[in-house]
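For reference, the structure discussed in these notes is given below.
The chain is numbered in sequence order, starting from 1. These numbers come from a predicted model, not from an experiment. Atom set for the values below is all heavy atoms of this structure, side chains included, hydrogens, waters and symmetry mates excluded.
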Amino acid sequence: MTTHVKVLGLLYIFLGAIGVIAAGIVVVAVAGGGLISGDRTAIQITGLVAFILGSLVIIFSTPGIIAGIGLLNMKAWARILALVLGVLNLPNFPIGTLLGGYTLWALLDANTTKLFEEEAHAKAVQAEAGS
């Protein structure tokens, strides 16, 4: 199951990065439309809309990147975050549905749960030995 956790981590990072790139494209396209018009009012409105849309896309993409990094590092909190994101992704057919289903299947498996518990226990023992 370790392989599935790593694959999920990479998928979340990849899809989050695509979201960040998409945010950049949206900002350039929307703000650029206003700039092309040359109208001061249009430039202000499209600039504001571009900022809002770009910010929203980045806000929605960031948790996936964070969850992916955490999963690659086998952090217990990342498992919970990825499960929440997996459930939220289910209605986003087809990619979100596939990612959400794979997330639930991989992270709710008893072996995966045990894997994260063992990882947390090993880190606790290591921290105890270090102090």
Heavy-atom side-chain proximity of [X] to [Y] below 4.5 angstrom:
X	Y	result
N89	Y12	yes
I43	D39	no
D109	L115	no
K6	T2	yes

Query - Sequence neighbours excluded, every pair satisfying side chain to side chain donor-acceptor pair (under 3.5 Å) that has a member inside residues 46-56 - result: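 For residues 46-56, and leaving out neighbouring residues, there are no side chain to side chain donor-acceptor pair (under 3.5 Å) pairs at all.
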**Report entry** Whichever hydrophobic residues join V30 through chains of side-chain contacts under 4.5 Å
**Finding:**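 In the cluster with V30 are V26, I45, V49, L53.
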Are [X] and [Y] joined in one hydrophobic group, where the rule is that I, L, V, M, F, W and Y side chains link up if heavy atoms are under 4.5 Å apart?
X	Y	answer
L10	V20	yes
L90	I95	yes
V87	W105	yes
I13	I21	no
V7	L108	yes

Report task. Taking side-chain contact (heavy atoms from CB on, under 4.5 Å) as the test, write out the residues that go with L98, two or more places apart. Result ->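 By the side-chain contact (heavy atoms from CB on, under 4.5 Å) rule, L98 matches no residue at all.
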Report task. Could you list the residues that satisfy side-chain contact (heavy atoms from CB on, under 4.5 Å) with V57, not counting sequence neighbours? Result ->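 Checked V57 against side-chain contact (heavy atoms from CB on, under 4.5 Å); matches are A23, S61.
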Report task. State which residues pass side-chain hydrogen bond (donor to acceptor under 3.5 Å, both in side chains) with S37; sequence neighbours excluded, sorted by chain then number. Result ->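 Applying side-chain hydrogen bond (donor to acceptor under 3.5 Å, both in side chains) to S37 gives none.
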Query - Heavy-atom donor-acceptor pair, T112 side chain to M1 backbone, under 3.5 Å - result: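 A pair under 3.5 Å: no.
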Requested in this report: Drop me the distance from L56's CG to F51's CZ, to the nearest 0.5 angstrom.
Outcome: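 Reported to 0.5 Å precision, the distance equals 9.5 Å.
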Requested in this report: Mind checking the CG-OG1 spacing from L8 to T3? Nearest 0.5 Å is all I need.
Outcome: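 Taking CG in L8 and OG1 in T3, the distance rounds to 11.0 Å.
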Under 3.5 Å, which donor-acceptor pairs do the side chains of residues 67-86 form with other protein atoms, sequence neighbours left out?
residue : atom : partner : partner atom : Å
N73     : ND2  : I69     : O            : 3.0
R79     : NE   : L107    : O            : 2.9
R79     : NH2  : L107    : O            : 2.9
R79     : NH2  : T113    : OG1          : 3.1

